[in-house]
Enquirer: 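First the structure, which I've put down as structure tokens, then a few questions once you've had a look.
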Amino acid sequence: MTTDSAIIRRSLDDPSAFGALFDRHARDIGVYARQRVGAEGAQDVLSETFLVAFRRRASFDHAWESARPWLFGIATRLVRAHRADQARQWRAIEAAAGVVDADSDGGLARADERTDAAVRARALAGRIAHLAARDRDTLLLYAWSDLTYEEIAAALRVPVGTVRSRLHRVRRLLADEREEGDDG
């Protein structure tokens, strides 16, 4: 089987060869994007990932045979930008419309708290959402992309030790939160 590195090298002279890289990795990148930004934004992140990769293919590090870490790194940065854009849009909409907090009457909050499982799931999702972006990206690449520590390090352009320490910190933070929830 031809390596991703070989495909990228070939695409420098024959741009159509890059399509093989898309065929190999689009499904995984699309699933990851869908998990991070939802179905509506996933297609944008997916197509933009491969557009950026195509434009930057000359700078690919051929020490890696697989382009997966590189592509996931591009996708992660695009997800972060997409989420920041969405947050700005929502803040603008809320400011313009004078939106009142949906929980102000207590009705929605009570409905969401009917089961312990739902509350714990929300708390965990909330904790993950409040992690530093670099920690959240590391955790979600580990949980959703099936990348090794080394591949995550390549995707995020950090040392492997940084990936290990981030995952250790995230596990500790999430475990502390779970223990606090059990006490209450």
Enquirer: Which atom pair, heavy atoms only, marks the closest approach of Ala53 to Leu71?
Expert: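 Nearest heavy atoms, Ala53 then Leu71: CB-CD2, 3.6 Å.
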Enquirer: Is any side-chain heavy atom of Ile152 less than 4.5 Å from a side-chain heavy atom of Phe72?
Expert: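 No; the side chains remain at least 4.5 Å from each other.
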Enquirer: Less than 4.5 Å apart, any side-chain heavy atom of Arg134 and any of Leu156?
Expert: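 With C-beta onward as the side chain, the pair stays apart.
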Enquirer: Would you compute the distance between atom CZ of Phe54 and atom CG of Leu21 and round it to the nearest 0.5 angstrom?
Expert: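 Phe54 CZ to Leu21 CG: 11.0 Å, rounded to 0.5 Å.
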Enquirer: Side-chain heavy atoms under 4.5 angstrom apart, residues restricted to Ile, Leu, Val, Met, Phe, Trp, Tyr: same cluster for Phe18 and Leu12?
Expert: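 Phe18 and Leu12: separate clusters.
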Enquirer: Using every non-hydrogen atom in the two residues, find where Pro69 and Ala154 come nearest and quote the distance to one decimal.
Expert: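 The answer is CB-CB, 3.7 Å.
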Enquirer: Donor-acceptor pairs under 3.5 Å, side chain of residues 4-11 to any protein atom, not counting sequence neighbours: which ones?
Expert:
unit_1	atom_1	unit_2	atom_2	d
Asp4	OD1	Arg24	NH1	2.6
Asp4	OD1	His25	NE2	3.4
Asp4	OD2	His25	NE2	2.6
Asp4	OD2	Ala67	N	2.8
Ser5	OG	His62	ND1	2.7
Ser11	OG	Ile8	O	2.7
Ser11	OG	Arg57	NE	3.2

Enquirer: Any side-chain heavy atom of Thr138 sitting closer than 4.5 Å to one from Val170?
Expert: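 Sidechains of Val170 and Thr138: no contact.
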Enquirer: Quick one: pull up OG in Ser47 and CG in Leu78 and give me the separation to the nearest 0.5 Å.
Expert: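 That separation rounds to 9.0 Å.
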Enquirer: Looking only at non-hydrogen atoms, find the nearest pair between Gly30 and Ala42 and report the distance.
Expert: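 In this case the closest contact between Gly30 and Ala42 is O-CB, 4.3 Å.
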Enquirer: Are Asp61 and Trp70 side-chain neighbours, meaning at least one heavy-atom pair lies under 4.5 Å?
Expert: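 A side-chain contact is absent here, since even the closest heavy-atom pair is not under 4.5 Å.
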Enquirer: Please tell me if the side chains of Tyr142 and Val163 come closer than 4.5 Å, counting only heavy atoms from C-beta onward.
Expert: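 Counting from C-beta outward, Tyr142 and Val163 never come under 4.5 Å.
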Enquirer: Is the closest side-chain heavy-atom distance between Val158 and Arg166 below 4.5 Å?
Expert: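 Contact flag for Val158/Arg166 side chains = yes.
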Enquirer: State the NE2-CG distance between His168 and Asp135, to the nearest 0.5 angstrom.
Expert: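 Between His168 NE2 and Asp135 CG, I get 12.0 Å after rounding to 0.5 Å.
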Enquirer: Let me confirm one number: the CZ-CG distance from Arg56 to Leu51, rounded to the nearest 0.5 Å.
Expert: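 The CZ atom of Arg56 sits 10.0 Å away from the CG atom of Leu51.
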Enquirer: Determine whether Trp64 and Thr3 satisfy the following criterion, side-chain contact (heavy atoms from CB on, under 4.5 Å), listing intermediate values before the conclusion.
Expert: CA-CA 9 Å; Trp64 289 88; Thr3 66; over 6 Å; no
Enquirer: Could you measure the distance from the CZ atom of Arg169 to the OG1 atom of Thr162? Nearest 0.5 Å is fine.
Expert: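 That separation rounds to 9.0 Å.
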Enquirer: Please assess Leu139 against Leu174 for the test side-chain contact (heavy atoms from CB on, under 4.5 Å), listing each intermediate value before the final yes or no.
Expert: CA-CA 11 Å; Leu139 172 65; Leu174 295 178; 4.3 Å; yes
Enquirer: Check whether any side-chain heavy atom of Phe50 lies under 4.5 Å from a side-chain heavy atom of Ile74, and answer yes or no.
Expert: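 Sidechains of Ile74 and Phe50: no contact.
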Enquirer: Any side-chain heavy-atom pair from Arg36 and Arg136 closer than 4.5 angstrom?
Expert: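 Arg36 reaches Arg136 side chain to side chain.
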Enquirer: Within the supplied structure, the quantity of interest is the number of heavy atoms (other residues, nucleotides, ligands) at a distance under 6.0 Å from Glu150 CD; does it exceed 12?
Expert: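 Counting other residues, nucleotides and ligands, CD of Glu150 exceeds 12 neighbours.
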Enquirer: Using the rule that Ile, Leu, Val, Met, Phe, Trp and Tyr join whenever any side-chain heavy atoms are under 4.5 Å apart, tell me whether Leu141 and Val160 fall into a single cluster.
Expert: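 Yes, same cluster.
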Enquirer: Do you know the tightest heavy-atom contact between Ala75 and Ile29?
Expert: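 In this case the closest contact between Ala75 and Ile29 is CB-CG2, 4.1 Å.
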Enquirer: Is there a path of hydrophobic side-chain contacts, each under 4.5 Å between heavy atoms of I, L, V, M, F, W or Y residues, that connects Val31 with Leu140?
Expert: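 Different hydrophobic clusters.
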Enquirer: Evaluate whether atom CG of Asp44 has more than 12 neighbouring non-hydrogen atoms of other residues, nucleotides or ligands under 6.0 angstrom away.
Expert: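 Result for CG/Asp44: enclosed.
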Enquirer: Within the side chain of Arg157, is there an N or O that forms a donor-acceptor pair under 3.5 Å with the backbone of Gly73?
Expert: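 Absent.
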Enquirer: Minimum heavy-atom separation for Leu147 and Arg68, please, with both atom names.
Expert: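 For Leu147 versus Arg68, the nearest heavy atoms are CD2-NH2, 3.5 Å.
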